[in-house]
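Indexing begins at 1, ligand by ligand and atom by atom, following the structure's order. All heavy atoms count here, side chains included; hydrogens, waters and symmetry mates do not.
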Amino acid sequence: MTAQPTIEIIDVAPRDGFQAVKTAIPTAQKIAVAKALMDARFKRLEVGAFVSPKAIPQMADTPDVHAALAPLQKHRGLRLSTLVPNALGARNALNAGINDLVFVLSASESHNQSNVKRSVAQSLGELAEIVEMGRQVTGFKLRVNIATVFDCPFEGRVGEPVVLAVIEQCLKMALPMEFGLCDTTGRAFPDQVRAFCGNVITKHRSNPAIRWAFHGHDTYGLGVANALYAYQAGIRIFDAAAAGLGGCPFAPGASGNTASEDLVFTFENMGIGTGIDLPKLLDATVLIAALAGVDMGGHVRSLARTRVCN
Ligand code: COA
Ligand code: ZN
């Protein structure tokens, strides 16, 4: 492993990963997986979602998972975030003492309707409410995940001007934000990723309050390639999921996130430090593999450790 981490990988298996699992995962096992990921030295985890339990029953125990992990957060300098789809979710999360929020809206109208049952304009209105709530909270941190940046399961390719316009609307709210540029379907292509990420970073280069992250899925086997092209464009924060879990239940045809271990393996062997302990991350994937009903992806996990960890 290289000494200095130059990129940050956020493991989203406890949210994007688990939300796609139909069989209820016991809370204790969710906590055990998150702890194993902490042992692998992830500094940021997306731990769950304050969503309607009718929409995603798997996320209903998010407050319990957070409560169990929160004491560790203070000691290890960790950031544990949670996804919120609307202002009610944000209010509930803040009331539970969680101030690191990931708000999601889509660039395309039809996926936003399918995912959160709102128009994009309505979601932007809820984001404005969340921003106002956040101004009252010490240490408030906001990630805005823009879904379907590259491709929508209903509308196909989403044009760059459409995405840029949504980002502009968010920026009018004038709070420091990290944007997650999400390839929700995994149907982005590397050249498209590099071009869009490069353009958006260049356009907003003078605004120090913005950070950019790339959130990729590996549906077409392009997850690692897309992350590398995003890196070339200047992205330094990546979402990925241990064991390649994941997938939006409201995006037909989408499958798992790019596997964290595949990203760590690739970046580290290119001399780009991740700060992650790969053998310990592989231990976490073993815990995940033991869960009922999981649909895993990725490559490195299935290979002999002597081949990938030396
Ligand atoms: N958390 C918990 N409950 C919520 C909620 C939230 N964030 N938002 C709404 N609800 C509840 C309401 O209280 C209401 O409950 P009731 O039926 O007992 O009165 C019910 O859900 C309907 O409220 P409404 O505002 O009409 O929501 P909706 O039915 O239009 O659903 C969402 C909208 C966003 C809440 C719902 O579609 C959702 O949670 N989707 C999940 C999106 C997601 O996580 N996608 C994958 C990640 S990208
Ligand atoms: Zn995703």
Say whether L142 and I237 are linked into one hydrophobic cluster, either directly or through other cluster members, by side-chain heavy-atom distances under 4.5 angstrom.
no
Going by the closest heavy atom to atom 37 (O) of ligand 1, which one wins out of V51, N115, N145?
N115
Can you name the nearest heavy-atom pair linking P249 to Q19, along with the distance?
CD-NE2, 3.5 Å
Can you find a pair of side-chain heavy atoms, one from V193 and one from D183, that are under 4.5 Å apart?
no
To the nearest 0.5 Å, tell me how far D262 CG sits from R301 CZ.
9.0 Å
Where on Q122 is there a heavy atom closer than 4.0 Å to ligand 1, on the side chain, on the backbone, on both, or on neither?
neither
May I ask whether atom 22 (C) of ligand 1 is less than 4.0 Å from at least one protein heavy atom?
no
What residue pairs, at least two apart or across chains, pass ring pair (Phe, Tyr, Trp, His ring centres under 6.0 Å) with a residue in residues 152-200?
F150-F196, F179-W212
side-chain hydrogen bond (donor to acceptor under 3.5 Å, both in side chains) with S108: which of D151, T184, N115, T148?
T148
Side chains of S106 and C152: does their closest heavy-atom pair fall under 4.5 Å?
no
Using a 4.0 Å cut-off to any heavy atom of V116, which atoms of ligand 1 qualify?
33 (C), 34 (C)
Is the shortest distance from a heavy atom of M59 to ligand 1 less than 4.0 Å?
no
Find all atoms of ligand 1 within a distance of less than 4.0 Å from any non-hydrogen atom belonging to K54, and give their numbers and elements.
16 (P), 17 (O), 18 (O)
Judged by heavy atoms only, the candidate from H215, K117, R118 nearest atom 25 (O) of ligand 1 is R118
Looking only at protein heavy atoms, which one is nearest to atom 8 (N) of ligand 1, and what is the separation?
N86 ND2, 2.8 Å
For atom 38 (C) of ligand 1, grab the closest protein heavy atom and report residue, atom and distance to one decimal in Å.
A55 CB, 3.5 Å
Is the closest side-chain heavy-atom distance between L105 and F103 below 4.5 Å?
yes
Check each atom of ligand 1 against the heavy atoms of G89 and keep those under 4.0 Å away; list them by number with element.
7 (N)
Do protein heavy atoms approach atom 14 (C) of ligand 1 to less than 4.0 Å?
no
Interfacing atoms of ligand 1 (cut-off 4.0 Å, heavy-atom, L88)
4 (C), 5 (C), 8 (N), 9 (C), 10 (N), 13 (O)
Closer than 4.0 Å and a protein heavy atom, does any atom meet both conditions relative to atom 40 (N) of ligand 1?
yes
In the structure I gave you, are the side-chain heavy atoms of K74 and R76 within less than 4.5 Å of one another anywhere?
no
With 2.8 Å as the threshold, which protein atoms of type N, O or S lie near the Zn ion (ligand 2)? Leave waters out.
D16 OD2, H215 NE2, H217 NE2
Under a single-linkage definition using a 4.5 Å side-chain heavy-atom cutoff for Ile, Leu, Val, Met, Phe, Trp and Tyr, are L80 and I98 assigned to the same hydrophobic cluster?
yes
Using a 4.0 Å cutoff against the non-hydrogen atoms of I56, which atoms of ligand 1 qualify?
43 (C), 44 (O), 45 (N), 46 (C)
Would you tabulate the side-chain donor-acceptor contacts of residues 285-298 under 3.5 Å, counting partners in other chains and residues two or more places apart, or write 'none'?
residue	atom	partner	partner atom	Å
T285	OG1	L282	O	2.6

Check F50 against ligand 1 and report side chain, backbone, both or neither, counting heavy atoms closer than 4.0 Å.
backbone
Would you say the side chains of D64 and T27 form a donor-acceptor pair under 3.5 Å?
no
Counting from 1, what ligand 1 atoms have a heavy atom of F250 closer than 4.0 Å?
45 (N)
The single option from N145, T258, D16 that satisfies side-chain hydrogen bond (donor to acceptor under 3.5 Å, both in side chains) with H215 is D16
Grab the two heavy atoms, one from A107 and one from V166, that are nearest each other, plus how far apart they are.
CA-CG2, 4.3 Å
Answer yes or no for atom 44 (O) of ligand 1: protein heavy atom present at a distance under 4.0 Å?
yes
Atom pairs and distances, side-chain donor-acceptor, residues 168-178, under 3.5 Å, sequence neighbours left out:
residue	atom	partner	partner atom	Å
E168	OE2	K203	NZ	3.3
E178	OE1	R44	NH1	3.1
E178	OE1	R211	NE	3.3
E178	OE2	R44	NH2	2.8
E178	OE2	R143	NE	2.7
E178	OE2	R143	NH2	3.3

Taking 4.0 Å as the limit for heavy-atom contacts, which would you say applies to S52 with ligand 1: side chain only, backbone only, both, or neither?
both
